[in-house]
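Beneath this line is the structure, given in structure tokens, with notes to follow.
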Protein chains: 2
Amino acid sequence: MTPLQTKPLAERLEDILRQRLREGFYAPGSRMPSESDLAEEFGISRATVRTVLAKLAARGLVLRRHGEGTYVSAHVQEALTHFGNVWDFNVLIESSGFTPAIRLLARESRPATETEARALALEPGTTLFSFWRLFYADDRPVILANNLCPAALFRQPLEAVDGALHIRELLRRYCQREIAFAVTDIHAVQADALAASHLGKPVGMPLLALDIAFYSQHNEPLAIGRSYFDDTSLRLSLVQAWR
Amino acid sequence: MTPLQTKPLAERLEDILRQRLREGFYAPGSRMPSESDLAEEFGISRATVRTVLAKLAARGLVLRRHGEGTYVSAHVQEALTHFGNVWDFNVLIESSGFTPAIRLLARESRPATETEARALALEPGTTLFSFWRLFYADDRPVILANNLCPAALFRQPLEAVDGALHIRELLRRYCQREIAFAVTDIHAVQADALAASHLGKPVGMPLLALDIAFYSQHNEPLAIGRSYFDDTSLRLSLVQAWR
DNA sequence: TAGTGGTCTAGACCACCCG
DNA sequence: GGGTGGTCTAGACCACTAG
């Protein structure tokens with residue numbers, strides 16, 4: 001049973017405000033109710049309201065002006081594609097207005113190269129599970145991703161793993177691990193034959209390459225990945241706010 | 001006069017903790033003092049300590065475990081190159097361990113194209129100031145940047161403007177404007193002749209292109225820019241933490 | 001002057017982890 | 001059980017912006 005009732009007040013308020021922003025109940029550029037008004041409307045303290053508004057402001061959803069009020073950002077749409085989600089391709093695709101889907105292209109079990117072993121804090125030659133996957137936005141392929149996990153984390157054989165799962169779900173279900181950290185490096189590369197054919201682009205075309213490493217709460221490396229990103233089909237943008 | 005004394009407690013504490021993390025006073029992976037200990041050490045309330053720790057956790061500098069303690073992230077170094085600063089190249093270069101410098105290559109006053117006008121909410125043909133600048137990391141050129149501002153924002157002629165200034169400083173000094181928002185789009189491109197020659201790379205080499213738009217608190221577009229980024233010389237990375 | 005957000009406190013209670 | 005972080009309150013005072 002999921003105790004919905006016990007979700008923290010702050011999170012419940014955040015959900016409600018995000019929904020109101022998404023649906024235009026608070027229109028872009030308009031002024032939102034004051035902290036005191038919101039506190040009264042929901043019967044909670046001003047401090048709790050403030051923690052939520054601070055979070056929304058940090059994400060660029062709202063803009064706060066001292067002595068004046070809280071305003072809905074004119075960039076709500078961009079802010080929904082927030083960069084914190086850069087590794088979470090489903091969210092990225094969804095917030096660009098498309099329906100995401102994942103298709104497993106191939107998987108194999110193979111020994112780690114020296115570079116891979118170093119990134120995963122393993123000995124070279126340790127067995128890895130490799131997944132090649134293609135992300136679709138409304139049936140158009142937009143991201144080619146390769147993920148590598150230490151085979152030792154899995155209790156099931158490779159064939160039993162549902163390769164179309166989100167990496168977070170996959171690690172949770174088969175490895176009983178939660179992602180606590182992700183480190184993403186961004187590079188520009190030219191499409192090789194594999195990426196070009198899957199993304200339907202010419203060989204040599206510039207692509208974004210995202211190198212991601214996932215860690216548990218105990219800094220245990222859980223997986224690494226390299227993903228090729230067609231930035232003409234999908235926008236990668238960051239909204240940053242100050243004050 | 002700058003009233004250092006009146007800086008908020010939370011900010012002063014954050015400065016101190018960041019310094020301790022940077023200098024290894026709290027070693028990577030080790031446990032930090034508890035909230036109560038910090039509150040006592042600095043003679044402030046636990047709530048204030050918490051706001052600071054929450055901020056550091058969101059930036060990936062520390063990791064908090066319920067019922068267990070606050071730990072220094074093993075990724076402090078990467079986290080210092082945090083992506084929130086993606087538009088602030090000086091910070092980016094500095095946090096990669098280099099000394100930043102800016103050199104003005106060229107500047108001109110010219111009418112806006114249709115695309116530029118739209119991005120700046122102006123009529124096509126309105127006069128813009130254009131700055132071409134090169135960012136150095138320890139005397140090695142790493143970023144070629146082009147910035148465009150509406151000329152109407154300036155009270156001085158183009159020649160009087162110090163083109164080696166940080167965009168934030170430039171807008172502050174000559175336009176009396178503060179940057180409140182930045183929206184950054186990331187693309188992969190191939191180096192054209194200009195970028196290649198200034199960055200010392202072959203033509204056609206993949207580069208990162210950052211398209212940035214700066215806005216004031218009132219959503220007034222202040223400047224746009226396109227910057228070419230050599231990702232083999234400078235690392236562009238994002239650390240993301242959950243919980 | 002009135003209303004807003006910004007800062008800070010003191011204290012309560014809860015949920016979690018460990019020895 | 002004792003310590004830790006997580007949540008939340010009530011209320012104080014300050015700093016800023018507007019009409």
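Numbers restart at 1 for each chain; the letters A, B, ... are given by sequence-line order, proteins then strands.
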- [ ] Taking only the side-chain heavy atoms of S34(B) (C-beta and beyond), determine which of dC8(C), dT4(D), dG5(C) contains the nearest atom.
- [x] dT4(D)
Open item on the list: Within the supplied structure, the quantity of interest is the number of heavy atoms (other residues, nucleotides, ligands) at a distance under 6.0 Å from E40(B) CD; does it exceed 12?
Closed with: no
TODO: Write down the distance between CZ (R12(A)) and C1' (dC8(D)), rounded to a whole number of angstrom.
DONE: 12 Å
- [ ] Under the side chain to side chain donor-acceptor pair (under 3.5 Å) rule, collect the residues that match up with R107(A), sequence neighbours excluded.
- [x] none
Open item on the list: Expressed as a whole number of angstroms, how long is the span from L53(A):CG to dT7(C):P?
Closed with: 14 Å
TODO: With sequence neighbours excluded, tell me which residues meet ring-ring contact (aromatic ring centres under 6.0 Å, His included) with F135(A).
DONE: F89(A)
Task: Close side-chain approach of E35(B) and R50(B), heavy atoms under 4.5 Å - done: yes
TODO: State which of dC8(D), dC8(C), dG5(C) makes the closest approach to the side chain of E35(A).
DONE: dG5(C)
Open item on the list: Could you check whether any side-chain heavy atom of N146(A) comes within less than 4.5 Å of a side-chain heavy atom of F131(A), counting everything from C-beta outward?
Closed with: no
Open item on the list: For a quick check under 3.5 Å, do T48(A) and T51(A) share a side-chain donor-acceptor pair by atom type?
Closed with: no
- [ ] Kindly write out the residues that satisfy ring-ring contact (aromatic ring centres under 6.0 Å, His included) with F129(A), not counting sequence neighbours, or none if the list is empty.
- [x] F154(A)
TODO: Mark yes when over 12 heavy atoms from residues, nucleotides or ligands other than E123(B) sit less than 6.0 Å from its CD; otherwise mark no.
DONE: no
Open item on the list: Applying a 4.0 Å non-hydrogen cut-off, can you work out what T51(B) is touching in the nucleic acid: base, sugar-phosphate, or nothing?
Closed with: nothing
TODO: Report yes if a side-chain nitrogen or oxygen of R50(A) is closer than 4.0 Å to either non-bridging phosphate oxygen (OP1 or OP2) of dG5(C); otherwise report no.
DONE: no
Please write out the pairs of protein N or O atoms and N or O atoms of nucleotides 9-12 of chain C separated by less than 3.5 Å, giving the distance to one decimal.
unit_1, atom_1, unit_2, atom_2, d
dT9(C), OP2, S45(B), N, 2.8
dT9(C), OP2, S45(B), OG, 2.8
dT9(C), OP2, T48(B), OG1, 2.6

TODO: Would you kindly say whether Y71(B) and R31(B) are connected by a side-chain donor-acceptor distance under 3.5 Å?
DONE: no
Task: Exercise: do T184(B) and D211(B) side chains pair donor with acceptor under 3.5 Å - done: no
TODO: Could you tell me the separation between the CG atom of D37(A) and the P atom of dG3(C), rounded to a whole number of Å?
DONE: 11 Å
- [ ] For E40(B) and dT4(D), give me the distance from atom CD to atom C1', rounded to whole Å.
- [x] 15 Å
Open item on the list: Once pairs are restricted to Watson-Crick or G-U wobble with both distances under 3.5 Å, how does DNA chain D read as a dot-bracket string, [ ] for crossings and | for other-strand pairs?
Closed with: ||||||||||||||||||.
- [ ] For R31(B) and dG3(D), give me the distance from atom CZ to atom P, rounded to whole Å.
- [x] 11 Å
TODO: Sort out for me which residue in H166(B), R172(B), R173(B) forms a side-chain hydrogen bond (donor to acceptor under 3.5 Å, both in side chains) with E169(B).
DONE: R172(B)
Open item on the list: Could you tell me how far apart L63(B) (CG) and dC17(C) (C1') are, to the nearest whole angstrom?
Closed with: 15 Å
Identify the pairs formed between an N or O of the protein and an N or O of nucleotides 14-19 of chain D at a distance under 3.5 Å, and give each distance.
unit_1, atom_1, unit_2, atom_2, d
dA15(D), N3, H66(A), NE2, 2.8
dT17(D), O4', G67(A), O, 3.4

Open item on the list: Using whole Å, what does the distance between atom C1' of nucleotide dT4(D) and atom CZ of R64(B) come to?
Closed with: 10 Å
- [ ] Kindly indicate, with the supporting measurements, whether the criterion salt bridge (Lys or Arg N to Asp or Glu O under 4.0 Å) is fulfilled by E41(B) and R20(B).
- [x] CA-CA 14 Å; E41(B) 175 180 354; R20(B) 290 186 176 180; 3.0 Å; yes
TODO: Let me know, please, whether V49(A) or M32(B) comes out on the 5' side of the other along DNA chain D by nearest nucleotide.
DONE: M32(B)
